[in-house]
Visitor: 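Structure incoming, see below.
Numbers restart at 1 for each chain; the letters A, B, ... are given by sequence-line order, proteins then strands.
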Amino acid sequence: MSIAEKIIAWQKKHGRHGLPWQHNITPYRVWVSEIMLQQTQVTTVIPYYQRFMSRFPSLISLANASEDVVIEHWAGLGYYRRARYLHLCSQVVRDQHNGDFPSNADELIALPGIGKSTAHAILSISHNMPYAILDGNVKRVLARYHNISDVLTGVETMRNLWKIAQTAMSQTECRTYTQGIMDLGANICKRQPLCDLCPLQSGCKAYKYNTQGNIPNKPRKKLKRTETCYFRCYMNSNRLWMEQRPSSGIWPKLWSPPYCTTKPCEKTRHIALASFRHTFTHFHMLVHPIIIHTVDPRRNTGGAWFALDQAERMGIPAAVKKIIKSIQHETKVS
DNA sequence: AATACGGGGTC
DNA sequence: GACCCAGTATT
C-alpha cells in the first residue's frame with residue numbers, strides 16, 4: 001500500500017468531515033477557506049467562514065463590495081492583508097478571468113494572496129487535480145516520515161520537501177488525499193504525535209528512530225524588543241472617531257487597536273469611560289452613543305473597525321478631546 | 001534568506 | 001510565557 005493509499009483510507013474513516021467548506025465545493029468557496037485558514041486554526045475560522053459566505057455568497061458579490069465592508073467581515077481574524085488581497089483577487093478574477101478562477105497553477109499563483117500551496121489546494125480540492133500542497137501539516141508529516149531534521153526554511157530543504165510532497169500525492173483521489181494529509185497532521189502527527197493511531201507508522205523514520213520531538217526543526221528564535229505603537233481617536237459629546245493607521249508598519253490601515261477585537265466591548269467601554277471621566281461630568285449619558293457607534297452591528301461585539309466612509313457618514317466632529325492610547329508591540333531584532 | 005503580519009489555542 | 005497554526009509578500 002502506498003502512502004497515498006494509506007492516507008486516503010485513513011481519511012475516509014477518521015478524517016474531518018462536515019466542515020463548512022467541504023460541501024457545495026466550488027473554487028470560490030475553497031479559495032475563501034484556504035485564505036482564512038492560512039496560519040489560522042479550523043475552529044477559529046468556522047464562524048468567520050459562515051458569516052463571510054453568507055454575506056458574500058459568490059465571487060462577484062465579493063468583488064462588487066467595498067473593501068471596508070470586506071474588512072468588517074474579517075475583523076477579528078488577524079492578518080488583515082489577507083482580506084485586502086482576497087478582495088483585490090476577486091476583482092482581478094472578475095475583470096481578467098471572466099469571473100472564474102483559472103484552473104492551472106501558474107495563473108492561480110499569479111493572483112494576489114495565492115501562493116503555491118494555496119493554488120495547489122484549490123486545484124486538488126475543487127478540481128480533484130494531482131497538485132500537492134505543502135503547508136505546516138504536510139511539512140510536519142513528511143519531514144517526520146523521512147526523518148528530515150534540517151531547519152525547514154532552507155531553500156534546498158524546501159525544494160526537497162516539495163518534491164517529496166508531489167511524489168507522495170495521489171494521482172486519482174486528490175481531494176481526499178489533500179484533506180487526509182492535512183487532517184493527519186492536525187489530529188495525529190501533532191507536536192505530541194499519536195503514533196499508535198497513525199496509518200503511516202510502519203514506514204515512518206522518525207517513529208523508527210524516535211526523533212519525532214526534534215522534527216520539524218525550527219530556527220533559533222531571535223531576541224525581541226518591544227516598541228510602543230499608538231492609535232488615536234477623537235470625540236465630542238456624542239461621537240467617537242478613530243484615525244486610520246498608516247499603510248505600512250504594525251496594523252496597517254486599521255482603525256482601532258487589535259485588542260479591541262478580543263474583548264471589544266469591555267475595552268472600548270473602558271477607553272471611552274476613562275476619557276470621559278476627564279472631560280465630562282455626565283459621562284454615563286454620553287457613553288451610550290459611543291458604544292453604539294463602535295459596535296460591529298453584525299456581531300454586536302463592539303469591535304471598532306471603522307471605515308472612513310462610515311466615519312464620514314457619522315459626521316466627523318470638531319475634536320473636543322484627543323485620546324492617545326499606546327500599545328506594547330514586540331518585534332524581532334537582529 | 002529573513003522578516004512582517006494577528007489573534008487564539010495549547011502546554 | 002513560549003510556541004504553534006490549511007502562508008504570502010516584501011525587503
Side-chain angles (χ1 to χ4, degrees), chain A residues 15-16 19-22 30-49 71 74-86 88-89 108-122 124-126 132-141 151-159 162 165 175 178-187 189-192 213 216-227 229 245-254 256-264 267 301 303 305 327 329-334:
Chain A
R16 292 178 285 199
L19 296 173
W21 43 89
Q22 289 178 323
V30 171
W31 166 64
V32 172
S33 76
E34 288 300 325
I35 302 298
M36 283 192 175
L37 286 160
Q38 288 171 4
Q39 302 293 288
T40 310
Q41 297 195 349
V42 168
T43 53
T44 302
V45 164
I46 288 173
Y48 285 91
Y49 184 82
I71 294 293
W74 200 271
L77 259 186
Y79 282 162
Y80 296 91
R81 191 173 53 186
R82 290 184 296 174
R84 301 185 201 283
Y85 282 134
L86 191 82
L88 175 60
C89 182
L108 281 172
I109 292 170
L111 292 168
I114 298 182
K116 187 171 178 180
S117 198
T118 298
H120 288 197
I122 293 170
S124 66
I125 295 173
S126 73
I133 63 165
L134 189 56
D135 63 2
N137 287 315
V138 179
K139 284 180 197 169
R140 193 167 53 253
V141 170
V151 171
L152 296 185
T153 53
V155 171
E156 198 52 44
T157 304
M158 288 305 296
R159 201 195 319 278
W162 271 111
R175 173 184 304 155
T178 294
Q179 188 65 51
I181 195 166
M182 286 192 289
D183 289 2
L184 195 63
N187 294 334
C189 199
K190 306 186 284 190
R191 172 148 292 276
Q192 297 293 331
N217 186 359
K218 298 292 180 180
R220 210 167 105 281
K221 71 173 166 94
K222 299 278 171 73
L223 294 178
K224 289 185 175 181
R225 68 183 166 83
T226 61
E227 64 178 346
C229 300
R245 288 190 55 84
S247 57
S248 60
I250 184 71
W251 311 314
K253 298 174 76 174
L254 297 187
S256 75
Y259 63 64
C260 277
T261 62
T262 307
K263 298 280 187 181
K267 295 285 188 182
T301 57
W305 300 98
I327 305 163
H329 171 61
E330 288 190 345
T331 52
K332 288 176 182 157
V333 68
S334 50

Visitor: Rounded to whole angstroms, how far apart are NZ on A:Lys116 and P on C:dA9?
Guide: 14 Å
Visitor: Once you apply a heavy-atom cut-off of 4.0 Å, does A:Leu77 come out as touching a base, just sugar-phosphate, or nothing?
Guide: base
Visitor: Tell me: CE of A:Met158 to P of B:dA2, nearest whole Å?
Guide: 14 Å
Visitor: Check for a donor-acceptor pair, side chain of A:Ser33 on one end and backbone N or O of A:Trp31 on the other, with a separation under 3.5 Å.
Guide: no
Visitor: So what does A:Glu156 touch, heavy atoms closer than 4.0 Å: a base, only the sugar-phosphate, or nothing?
Guide: nothing
Visitor: Please answer whether the main-chain N or O of A:Ser124 pairs with a side-chain N or O of A:Thr178 as donor and acceptor at a distance below 3.5 Å.
Guide: no
Visitor: Can you tell me which nucleotide in C:dC3, B:dG6, B:dG8 comes closest to the side chain of A:Tyr79?
Guide: B:dG6
Visitor: Between A:Gln192 and A:Gln39, just flag the one whose closest nucleotide in DNA chain B comes earlier from the 5' side.
Guide: A:Gln39
Visitor: Mind calculating the distance between CG (A:Leu184) and P (C:dA6) to the nearest angstrom?
Guide: 12 Å
Visitor: Nearest whole angstrom, please: distance from the C1' of B:dA2 to the CG of A:Leu152.
Guide: 16 Å
Visitor: Would you compute the distance between atom CD1 of A:Ile122 and atom CD1 of A:Ile133 and round it to the nearest 0.5 angstrom?
Guide: 11.5 Å
Visitor: Is there a side-chain polar atom (N or O) of A:Tyr48 under 4.0 Å from OP1 or OP2 of B:dG7?
Guide: no
Visitor: Can you tell me the distance, in whole Å, between the CG atom of A:Asp183 and the P atom of C:dC5?
Guide: 15 Å
Visitor: What do you reckon, are the aromatic ring centroids of A:Tyr49 and A:Trp21 less than 6.0 Å apart?
Guide: yes
Visitor: Taking the same atom, C1', in B:dG8 and in C:dA9, what whole-Å distance lies between them?
Guide: 23 Å
Visitor: Between A:Thr153 and A:Gly78, which has a closest nucleotide on DNA chain B that is more 5'?
Guide: A:Thr153
Visitor: Compare the minimum distances between each of C:dA6, C:dC4, B:dA1 and the side chain of A:Val155, then state the nucleotide with the smallest one.
Guide: B:dA1
Visitor: Calculate the interatomic distance between A:Ile71 atom CD1 and B:dG7 atom P; express it in whole Å.
Guide: 12 Å
Visitor: Please measure how far the P atom in B:dT3 lies from the corresponding atom in C:dC3, and state the result in whole Å.
Guide: 15 Å
Visitor: Quickly work out the A:Ile114 CD1 to C:dA9 P distance and round it to whole Å.
Guide: 8 Å
Visitor: Got a second to check how far A:Asn187's CG is from A:Arg16's CZ, nearest 0.5 Å?
Guide: 5.5 Å
Visitor: Would you mind classifying the nucleic acid contact of A:Trp21 as base, sugar-phosphate or nothing, using non-hydrogen atoms under 4.0 angstrom?
Guide: base
Visitor: Give the nucleotide from the list C:dA9, C:dC4, C:dG7 with an atom nearest to the side chain of A:Tyr85.
Guide: C:dA9
Visitor: Tell me whether the OP1 or OP2 atom of C:dT8 has a side-chain N or O from A:Thr118 closer than 4.0 Å.
Guide: yes
Visitor: Determine: side-chain N/O of A:Arg81 to OP1/OP2 of B:dG6, distance under 4.0 Å, yes or no.
Guide: no
Visitor: Please report the distance separating the P of B:dC11 from the corresponding atom of C:dA6, rounded so that it comes out in whole Å.
Guide: 14 Å
Visitor: Starting from P on C:dG7, measure out to CG on A:Leu134 and report it in whole angstrom.
Guide: 10 Å
Visitor: Using atom types as modelled and distance alone, determine if a side-chain donor or acceptor of A:Arg140 lies under 3.5 Å from a backbone N or O of A:Gly185.
Guide: yes
Visitor: Using a heavy-atom cut-off of under 4.0 Å over every strand shown, decide if A:Arg140 touches base, sugar-phosphate, or nothing.
Guide: sugar-phosphate
Visitor: Would you say the base of C:dA9 and the side-chain of A:Arg82 have a donor-acceptor pair closer than 3.5 Å?
Guide: no
Visitor: So what does A:Leu111 hit on the nucleic acid, given a heavy-atom distance under 4.0 Å: a base, only sugar-phosphate, or nothing?
Guide: sugar-phosphate
Visitor: Could you pick out which residue, A:Ser117 or A:Thr40, lies toward the 5' side of DNA chain C when each is mapped onto its nearest nucleotide?
Guide: A:Thr40
